[in-house]
Amino acid sequence: MPKVRLERVTKRYGKVTAVDCLDLTVHEGEILTLLGPSGCGKTTTLRCIAGFVVLDEGHIFLGEEEVTHLPPEKRDIGFVFQNYALWPHMTVYQNLSFGLQLRRIPKEEIRERVQEVLSMVRLSGMEDRYPRQLSGGQQQRVALARALALRPRVLLLDEPLSNLDAKLREEMRFEIRELQRQLGITAIYVTHDQAEALVLSDRIAVLNEGRLVQLGTPEEIYQRPANRFVAGFIGLSSFIEARVTEVEAEMAVLETEDGLHFRVPRDALVEGQAVTLAVRPEHVEVLGGPSGDLENAFQAEVVRAAYLGDSVDCRLRLGKWELRTQLLPGKIPAPGEVLWIYLPPEKLILIPG
Amino acid sequence: MRSGSSAVEVKGLGGGTVRFLPLFLLLPAVAFILVMYIYPFALSIVRSFTDESGGLSLVNYYKAVSLYGRDILFSIQVAILGTLISTVLSLALASYIRLSDSRMARLINSLSRLGIFLPYVVVAQMMRSFLAPHGLLNVLLANMGLVDIDSPLQLFNIRGLTFGFLWKETPFITFIVLSGLQVIDDTYIEAARSVGARTRHIILRILLPMIKPTIAIAVVLTFCTIVSTFTLPYMIVAGNPTTVTVDIAHRVTYFGDYRVASALGVFLYLIVGVMAVYYLRRTVREEVYGY
């Protein structure tokens, strides 16, 4: 059942279109991530849903109710801000109880609810502290608790982890995911961090220049990117442009302009079609020596290699193309060294055009 | 020169080491304060306790209270009234300007700054023609049928004086309060709206408490300005009661009586001093302790 529905949502700032005719549905109980580079319109979309930004065109529905023209205070939405936005003159308890007081909930119930959400975010006993007396991670948890205390219809999170250090950010991803599952709350999460999106989301909506580029599960987005932008934005990819020269029963042959041949699953390819091959670093297999008759095996020259601790990031020259791969730590290949590599046909991502 | 010494050392004429250069650098500023502020201040206090023969006495205070007690209370009354009303008006105006992006808000924002730059003497002159029995205000009210022009509102009294102070001080407080409000990130307001706060809740529960120190400072400065302003009461208030500043001028100009004038000045110091101590404590607390 759709919990949030966006129909042709458009928002312009002067001549710039921040969100361009966006259609999107978020199902009940799922966590959907809006992912994209800076300026792609993800935060504007979230702010439109919250009511902080007035749409130029389109409609927003929460359940069956259209909320397009409702002010934020009447939308029953929880919002977690990037900078937490905890009111500094209020204690944790006052921050959490403010919204409940406005709804004229009895004092005793307010106390119970505040205790409940504080225990959910593991901050029991911190009621009397002021935000300045809390660490960044604790402040982030209070911000989350403040949004949850109201038991909103939808929880919106605008890059809530971006101000935390890398280790805490990683921990918090799982905590937010776990909390969302426990409560079964519908959530929309904005981030530009692909790892965060992959860990947290039931589905990911990839945005670029205000438009929805691809919508799917993390696996779908990663394994079958709809276009070169998605393949490049989610995970690392190297790109090779080629043309279909031969179509067989199950396989097709691609040829690049510098004469390299690749065998790939046929799919819906037709002869003469231009395609882009996206190659993930983890799908480049380095062979111990000459490949014999193995198809899709090539000699590639090491351009440079960087030691990353748990792996070696290696850039290879294959014809006129550059491929990126990750090697196990060990001997770091020297620039100019020639390696035999194998690109498994079923792992190659084919992007039309 | 010793290594590691933080003091600045200079070779003296006699070859000795002079280590007081920092103090010499401070001397002009300290001397200026001593001569221009501390000395006259101390002198006026001493003079207020001196009788005609030069002996120590409370006679000046007795005279000040018996002749001008009503005016001292009047000054306090005007200062409290003017500060209170202009603060309330300013808070409303500044909140409106902060929360609205309408043309009206921008217009009010621009207009409200005009008053800050007008000197009190100009404001007083304007108020004299505006508040006069047949001035613009009475004519306007008469045209609206609210006042009989043959018995117009008499405004050269506490009402007119307070109005004049409001006209001059409201823009000043609005300016300071708005500066404080504009520093507040929009997300604090949006966070309040997202939990169901309406405009009045946002103003009263979020914005104003967040800038309490700024408001306190604006209130103190305004109160002190109103208490110590001479021109406006001198030109607006006809007869008694009037403010202490007018009494001081009167005492000096017509009687050459600096002793009673000084005693009246001490009353002003006390009134302003209470607020000044509060102001200093507040600013020191903010600057040193950060809250």
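Throughout, protein chains are lettered first and strands after them, A, B, ... in sequence-line order, and every chain is numbered starting at 1.
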Legend entry - Candidate pair B:Tyr269 and B:Phe41, rule ring-ring contact (aromatic ring centres under 6.0 Å, His included), full reasoning: CA-CA 10 Å; B:Tyr269 296 147; B:Phe41 179 73; 4.5 Å; yes
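Under a 3.5 Å cut-off, the side chain of A:Arg75 and the backbone N or O of A:Ile49 do form a donor-acceptor pair. Between the side chain of A:Glu127 and the backbone N or O of A:Gly125 there is at least one donor-acceptor pair closer than 3.5 Å. Put simply, the side chain of B:Lys168 never gets that close to the backbone of B:Val123: no donor and acceptor are under 3.5 Å apart. Although no hydrogens or angles enter the test, the distance criterion places a donor-acceptor pair under 3.5 Å between the side chain of A:Thr68 and the main chain of A:Ile60. A donor-acceptor pair is defined here as one N or O able to donate and one able to accept, closer than 3.5 Å; such a pair exists between the side chain of B:Arg106 and the backbone of B:Asp101. When atom types are taken as modelled, the side chain of B:Ser102 and the backbone of B:Ala105 share a donor-acceptor pair closer than 3.5 angstrom. A donor-acceptor contact shorter than 3.5 Å links the side chain of A:Asn95 to the backbone of A:Trp87.
Neither the backbone nor the side chain of A:Gln94 has a heavy atom closer than 4.5 Å to any heavy atom of chain B. Using a 4.5 Å cut-off between heavy atoms, A:Ile77 touches chain B through its backbone atoms (N, CA, C, O) alone. Of the atoms belonging to A:Leu86, it is backbone heavy atoms, and not side-chain ones, that fall under 4.5 Å from chain B.
Each of A:Glu28, A:Glu64, A:Glu65 was evaluated against A:Lys3; a single residue qualifies, A:Glu28, per the salt bridge (Lys or Arg N to Asp or Glu O under 4.0 Å) test.
Of all residues spanning residues 174-194 of chain B, those with a heavy atom less than 4.5 Å away from chain A's heavy atoms are B:Asp185, B:Thr187, B:Tyr188, B:Glu190, B:Ala191, B:Ala192, B:Arg193, B:Ser194, arranged by number. For residues 195-212 of chain B, a heavy-atom distance under 4.5 Å to chain A picks out B:Val195, B:Gly196, B:Ala197, B:Arg198, B:His201, B:Arg205, B:Ile206, B:Pro209, B:Met210, given by residue number.
A cation-pi contact, defined as under 6.0 Å to the ring centre and within 45° of the axis, is absent between B:Arg281 and B:Tyr278. Figure legend: A:Arg5 and A:Phe61 shown as a cation-pi pair, the cationic atom lying under 6.0 angstrom from the six-membered ring centre and within 45 degrees of its axis.
Note on A:Phe81, A:Tyr84, A:Phe79: by heavy-atom pairs under 4.5 Å with chain B, the leading option is A:Phe81.
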